[in-house]
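In what follows, residues are counted from 1 in the order of the sequence shown. Note that the structure is a prediction, hence the values are computed from the model and not measured.
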Amino acid sequence: MSAILTLPQPDDWHLHLRDAELLNSVVPFSARQFSRALVMPNLQPPVTTCEQALAYRQRILAAVPSGQAFNPLMTLYLTDRTNPLDITHAALSEFILAAKLYPAGATTHSEAGVTAIERIEPVLDAMQEHGLVLCVHGEATHASVDVFDREAAFIEQILTPLVQRFPTLKVVLEHITTREAVEFVENSPAHIAATITPQHLLYNRNTLFQGGLRPHYYCLPVLKRETHRQALLTAATSGNPKFFLGTDSAPHRRQDKESACGCAGCFSAPAALELYAEAFEHAGALDRLAGFASHYGADFYGVARNTATVTLVRENWQVPEAIPCNGDTVIPLAAGDTLSWRLRDSG
């Protein structure tokens, strides 16, 4: 087996960068390996207008290390009060590609999210008309739904009627975690796609409890049974262009992850591409990593494929135990673990 793997430079189609000091600490990890990233809008307050999105983009660009080319692409946060005119304005910007549907209360900073799909139907009409992608956090949030069933319930109760009501709306079901989500995407038209994270390819829900509760593996949607992980791995390595890379890397300061609230989110950016390589190699599908990581997402979003390349080398290395952040620390996904592929720095 070759000790070198060269890929077209990948894109991250689902990324959280936060803001202020945390943003400045985490941007370099994504800029080092990805050409572009679709940045999520769940700040406090959320990014709901084009002006806010483009201002946020400038703050991200200011945090990119000198000499690195990194293009943040932006999203708008949908609320019950989103105006269809905001969609019209977003469609005119080359830097805003999508709007994000967070069911209210589904995940971090989703309190301002949509309470009922009916309240944003004019917005969805505008998105369908202008070709703006709807990115979906697919979890039903009613208290009666078991946390491990939230994705399947959302698909049945909300997403299936939505795509029937808006038959040409481009939709990405983000960070899928279940066999039901894989089957939904596979059986849907070509304008319905999904992103898959490294944690959901590599780990199942047992990982959360090995040796005690492990908050740095806690994300939403939560890790699922092994049968679901296997379904995701099969989808990611299948060569089906409807499945592509989206890390959902989501940094939190250590004390916030290890506090009573236990913030949801895995900070995978420091080793994202290496973690995907581990998953694809375990599946015997390294030859299909380029499509998943570098081609299919760009094709779906209608942007040119990258021509630059990155190189992974077979070399054991240890993921850092912690990442410094303005006097605090952020714990990366797989902290302290030894990986067998390492991204080679350019130059």
Side-chain angles (χ1 to χ4, degrees), residues 5-17 23 26-41 53 56-57 60-61 63-65 68-75 93-100 131-136 170-176 185 191 193-201 235-237 239-251 266-277 279-280 286 288-312 333 341 343-346:
L5 179 64
T6 299
L7 307 169
Q9 189 169 18
D11 301 308
D12 186 349
W13 293 103
H14 186 130
L15 178 64
H16 298 270
L17 291 173
L23 178 145
V26 304
V27 163
F29 293 103
S30 293
R32 175 174 174 256
Q33 55 196 301
F34 296 109
S35 174
R36 296 169 291 219
L38 190 67
V39 181
M40 296 297 106
Y56 182 30
R57 183 173 185 273
I60 296 168
L61 288 172
V64 176
Q68 289 187 333
F70 180 65
N71 183 10
L73 301 170
M74 310 310 291
T75 57
S93 171
E94 63 177 303
F95 301 118
I96 302 175
L97 298 190
K100 184 65 179 280
L132 204 70
V133 175
L134 177 68
C135 295
V136 178
K170 296 185 75 171
V171 177
V172 176
L173 184 55
E174 302 284 12
H175 45 48
I176 61 172
V185 173
H191 59 274
T195 56
I196 307 180
T197 75
Q199 64 264 28
H200 291 111
L201 290 177
T237 60
N240 186 334
K242 300 174 80 174
F243 300 99
F244 46 84
L245 185 154
T247 64
D248 192 26
S249 182
C266 296
F267 180 43
S268 59
L273 193 55
E274 293 97 331
L275 289 165
Y276 281 113
F280 273 68
L286 271 175
R288 294 184 173 177
L289 180 58
F292 175 84
S294 309
H295 294 158
Y296 304 152
D299 294 347
F300 184 86
Y301 277 95
V303 298
R305 294 181 178 184
N306 296 315
T307 56
T309 61
V310 296
T311 299
L312 293 164
L333 184 68
W341 289 96
L343 182 66
R344 175 189 289 171
D345 286 318
S346 60

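- Taken from CZ in Phe267 to NE2 in His16, the straight-line distance is 12.5 Å, to the nearest 0.5 Å.
- Note that the CZ atom of Phe243 and the CG atom of Leu173 stand 9.5 Å from one another [nearest 0.5 Å].
- Of the possible polar contacts, one joining the Asp11 side chain to the Arg36 backbone as a donor-acceptor pair under 3.5 Å is found.
- Going from atom CD1 of Ile196 over to atom NE2 of His14 covers 13.5 Å, rounded to the nearest 0.5 Å.
- Nearest heavy-atom pair, Leu23 versus Ala63, reported as atom, atom and distance to 0.1 Å: CD2-CB, 3.5 Å.
- The nearest pair of heavy atoms linking Val136 to Lys100 is C-CE, 4.1 Å.
- Using a 4.5 Å cut-off on side-chain heavy atoms (C-beta onward), Leu5 and Arg344 make no contact.
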Give the C-alpha distance, both sets of side-chain angles, the deciding distance and a yes or no for side-chain contact (heavy atoms from CB on, under 4.5 Å) between His200 and Ile176. CA-CA 8 Å; His200 291 111; Ile176 61 172; over 6 Å; no
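- Atom-to-atom distance recorded for Cys135:SG and Lys170:NZ is 10.5 Å, nearest 0.5 angstrom.
- For the side chain to side chain contact (heavy atoms under 4.5 Å, CB included) criterion with Met74, the lone passing option out of Val39, Leu97, Leu38 is Val39.
- Smallest separation of non-hydrogen atoms from Leu333 and Pro198: CD2-CG, 4.5 Å.
- If you run side chain to side chain contact (heavy atoms under 4.5 Å, CB included) between Trp13 and each of Phe300, Tyr296, Phe244, only Phe244 comes through.
- When every heavy atom of Gln68 is checked against every heavy atom of Ala31, the shortest pair comes out as OE1-CB, 3.5 Å.
- For the atom pair Leu201 CG and Phe292 CZ, the distance stands at 5.5 Å (nearest 0.5 Å).
- Not a single donor-acceptor pair under 3.5 Å links the side chain of Gln33 to the backbone N or O of Pro10.
- For the atom pair Leu289 CG and His295 NE2, the distance stands at 10.5 Å (nearest 0.5 Å).
- Pairing each heavy atom of Ala298 with each of Ala304, the nearest pair is CB-O, 4.2 Å.
- The side-chain contact (heavy atoms from CB on, under 4.5 Å) search around Ala37 returns Asp12, Leu15, Phe70, not counting sequence neighbours.
- A donor-acceptor contact closer than 3.5 angstrom is absent between the side chains of Thr197 and Asp248.
- In this structure, the side chains of Leu312 and Tyr276 stay at 4.5 Å or more apart for every pair of heavy atoms.
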Does Asn71 form a side-chain contact (heavy atoms from CB on, under 4.5 Å) with Phe95? I'd like the steps, not just the answer. CA-CA 9 Å; Asn71 183 10; Phe95 301 118; 4.1 Å; yes
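- Taking the salt bridge (charged side-chain N to carboxylate O under 4.0 Å, His left out) definition, one finds that Arg32 meets it with Asp345, sequence neighbours left out.
- For residues 291-302, the pairs satisfying salt bridge (Lys or Arg N to Asp or Glu O under 4.0 Å) are Asp299-Arg305, with sequence neighbours left out.
- No side-chain heavy atom of Tyr301 sits under 4.5 Å from any side-chain heavy atom of Leu73.
- Side-chain atoms of Thr195 do not come within 3.5 Å of backbone N or O of Gly246 as any donor-acceptor pair.
- Glu274 and Trp341 get closest at one heavy-atom pair: CG-O, 3.0 Å.
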